[in-house]
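Values reported hereafter were calculated over all heavy atoms of this structure, with side chains retained and with hydrogens, waters and symmetry mates removed. Letters A, B, ... mirror the listed sequences (proteins, then strands); counts begin at 1. Small disclaimer: the values here were computed from a predicted structure and weren't measured.
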Amino acid sequence: MVSEFMLQQTPVARVLEPWRQWVARWPEPAALADAPVSEAIRAWGRLGYPRRAVRLHAAAVAITERHGGVVPTELAALLALPGVGSYTAAAVLSFAHRQRHVVLDTNVRRVLARTLDGRAHPDPAPTAAERARAAALLPQQPAEAAEWAASSMELGALVCTARNPDCPRCPVQDLCRWRALGHPAWDGPPRRGQAWHGTDRQCRGALLASLRDTEEPLARETLVAGWPDPAQAARALAGLLADGLAEETEGRVGLPG
DNA sequence: CAGGCGTGGCA
DNA sequence: TTGCCAAGCCT
């Protein structure tokens with residue numbers, strides 16, 4: 001479950017070392033639940049999307065309080081945990097328990113878009129129809145379904161990649177519609193990249209980096225001083241406070257206890 | 001439901 | 001250099 005949180009929108013190579021450190025330090029949910037959120041945020045380091053650290057900590061608390069410290073093995077119970085959506089819940093149950101679930105991540109979605117639709121990329125967000133199609137493809141036996149989930153994901157991650165797919169090495173190249181059509185370019189809506197320079201998001205990252213690096217809370221003015229646009233810094237800080245990534249007491253801002 | 005939310009590597 | 005893109009989730 002820790003690895004799945006870390007892997008949300010983050011490359012495997014970057015997750016490996018933080019994951020090792022994390023599970024060595026907090027080998028079970030109760031251990032993480034006992035730690036202050038600030039330590040979870042620091043241990044998250046520069047993985048990105050630090051709200052995941054807050055949510056993982058909150059999930060550990062919920063598991064400790066509601067499930068006796070054991071990660072639940074039912075889909076609904078997992079989905080009720082903060083930071084656990086349809087992908088993460090299905091991934092945990094499929095990979096850890098070999099249950100039968102549709103594990104529909106961006107890799108699997110790309111494999112299906114190419115092989116079945118002949119399109120270079122899936123739509124921006126998964127649709128109900130897409131989920132239904134994936135469900136129809138899932139083997140009936142749980143063990144086979146789990147194997148299917150893992151292998152279809154790996155196919156997308158290692159062979160049927162977004163940028164340079166290795167079609168000659170693909171085990172399903174002969175049934176791939178995209179390959180049969182000659183690898184047509186993406187003709188859907190323009191794929192939106194995420195702005196970064198000068199955005200609130202960049203500002204949040206900078207402010208949080210400052211908070212991670214100090215033990216003692218900083219005066220609000222000190223924290224905000226390093227950012228050229230005061231209004232933007234104020235807005236970003238408000239967001240961090242709202243997200244539980246920062247805490248303000250008597251004009252001083254630090255990581256939440 | 002469209003948009004917000006980090007970070008760094010690579011073409 | 002700039003622009004993708006990487007095992008999503010939440011509001």
Side-chain angles (χ1 to χ4, degrees), chain A residues 1-19 41-42 44-59 78-96 101-112 120-128 130-131 134 146 148-166 185-186 188-212 232 235-246:
Chain A
M1 189 170 130
V2 171
S3 72
E4 292 303 339
F5 264 75
M6 291 182 168
L7 287 165
Q8 291 167 4
Q9 300 281 279
T10 306
V12 175
R14 196 181 310 161
V15 162
L16 290 176
E17 193 48 36
W19 175 81
I41 295 171
R42 287 203 175 89
W44 198 258
R46 304 185 65 79
L47 275 179
Y49 292 136
R51 289 189 294 193
R52 293 181 292 168
V54 176
R55 290 172 182 158
L56 180 52
H57 182 273
L78 275 169
L79 285 172
L81 297 173
V84 178
S86 60
Y87 163 76
T88 301
V92 166
L93 297 180
S94 181
F95 302 153
H101 296 281
V102 175
V103 181
L104 197 62
D105 79 327
T106 188
N107 292 301
V108 177
R109 296 186 62 227
R110 185 174 53 251
V111 168
L112 298 185
H121 299 286
D123 288 322
T127 62
E130 199 178 340
R131 298 197 63 82
W148 168 266
S151 45
S152 57
M153 264 184 75
E154 291 297 290
L155 181 59
L158 303 178
V159 178
C160 191
T161 54
R163 272 183 284 202
N164 291 107
D166 192 1
W186 173 246
R191 295 158 62 70
R192 307 200 73 75
Q194 298 176 336
W196 173 247
H197 189 74
T199 60
D200 285 13
R201 186 186 303 207
Q202 183 188 21
C203 184
R204 280 172 60 110
L207 296 182
L208 190 61
S210 298
L211 296 180
R212 270 198 306 263
Q232 183 174 49
R235 196 164 60 239
L237 177 54
L240 292 175
L241 292 166
D243 288 343
L245 281 163

Of the candidates B:dG6, B:dG8, C:dA7, the side chain of A:T10 sits closest to B:dG6
State which of C:dA6, C:dC4, C:dA7 makes the closest approach to the side chain of A:V12.
-> C:dA7
Atom P, compared across C:dA7 and B:dG4: separation rounded to whole Å = 22 Å
Of the listed nucleotides B:dC5, B:dA11, C:dC4, the one nearest the side chain of A:R163 = C:dC4
A:V103 side chain reached by A:Y87 side chain, heavy atoms, under 4.5 Å | yes
Counting side-chain heavy atoms from C-beta on, which of B:dG6, C:dC9, C:dA6 comes nearest to A:P11?
-> C:dA6
Any donor-acceptor N/O pair under 3.5 Å between C:dC9 base and A:R52 side chain | no
Sugar-phosphate, base or nothing in reach of A:R235, heavy atoms under 4.0 Å | nothing
When rounded to the nearest Å, what value does the distance between C1' atoms of B:dC1 and B:dC5 take?
-> 16 Å
A:R55 CZ to B:dC5 P: how many Å, rounded?
-> 12 Å
Return the nearest nucleotide to the side chain of A:Y87; candidates are B:dT7, C:dC9, C:dC5.
-> C:dC9
Can you name the residues that form a salt bridge (Lys or Arg N to Asp or Glu O under 4.0 Å) with A:D243, not counting sequence neighbours?
-> A:R51, A:R204
Of A:L47 and A:N164, the one whose closest DNA chain B nucleotide lies more 5' = A:L47
Are A:V54 and A:W44 close enough that some pair of their side-chain heavy atoms sits under 4.5 Å apart?
-> no
What is the nucleic acid contact for A:Q202, judged by heavy atoms within less than 4.0 Å: base, sugar-phosphate only, or nothing?
-> nothing
Side-chain donor/acceptor contact of A:T199 with base of B:dG4 under 3.5 Å = no
Heavy-atom donor-acceptor pair, A:R51 side-chain to B:dC5 base, under 3.5 Å = yes
To the nearest angstrom, the NE2-C1' distance between A:H101 and C:dA7 comes to 17 Å
C:dC9 P sits how many Å from A:Q194 CD, rounded?
-> 15 Å
Would you classify A:T88 as touching base, sugar-phosphate or nothing, given that sugar-phosphate means primed atoms plus P, OP1 and OP2, and contacts are heavy atoms under 4.0 Å?
-> sugar-phosphate
So what does A:G193 touch, heavy atoms closer than 4.0 Å: a base, only the sugar-phosphate, or nothing?
-> nothing
Would you mind classifying the nucleic acid contact of A:A91 as base, sugar-phosphate or nothing, using non-hydrogen atoms under 4.0 angstrom?
-> nothing
Between A:R14 and B:dG9, is there a side-chain N or O to OP1/OP2 distance below 4.0 Å?
-> no
Main-chain N/O of A:M6 paired to A:R52 side chain as donor or acceptor, under 3.5 Å | yes
Nearest-angstrom distance from the residue atom CG of A:L237 to P of B:dC5 | 13 Å
To the nearest Å, how far apart are A:W44 CH2 and B:dC5 P?
-> 18 Å
Within this structure, what is the CH2-to-P distance between A:W186 and C:dC4, rounded to whole angstrom?
-> 14 Å
Below 4.0 angstrom from OP1 or OP2 of C:dG8, is there any side-chain N or O of A:Q9?
-> yes
Side chains of A:P126 and A:R109 in contact at under 4.5 Å (non-hydrogen atoms) = yes
Under 4.0 angstrom, heavy atoms only, what part of the nucleic acid is A:R204 near: base, sugar-phosphate, or nothing?
-> sugar-phosphate
Please work out if A:L208 contacts a base, only the sugar-phosphate, or nothing of the nucleic acid, heavy-atom cut-off 4.0 Å.
-> nothing
Take atom P in C:dT11 and the same atom in B:dG6, then report the distance between them in whole Å.
-> 14 Å
Considering only C:dC9, B:dA11, B:dC5, which nucleotide approaches the side chain of A:R201 most closely?
-> B:dC5
Contacts of A:W186 that satisfy ring-ring contact (aromatic ring centres under 6.0 Å, His included) - sequence neighbours left out | A:H121
Taking the side chain of A:L7 as its heavy atoms from C-beta onward, which of C:dA7, C:dC5, C:dC10 lies nearest to it?
-> C:dA7
When rounded to the nearest 0.5 Å, the distance separating CD of A:Q8 from OH of A:Y49 is 10.5 Å
Whole angstrom value for the distance that separates C1' of C:dC5 from CG of A:N107 | 11 Å
Atom pair distance, as rounded to whole Å: CG in A:L81 and C1' in C:dG8 | 15 Å
Mind checking A:P82 for me? I need base, sugar-phosphate or nothing, with any heavy atom below 4.0 Å counting as a touch.
-> sugar-phosphate
Should A:R212 be listed as having a side-chain N or O under 4.0 Å from OP1 or OP2 of B:dT7?
-> yes
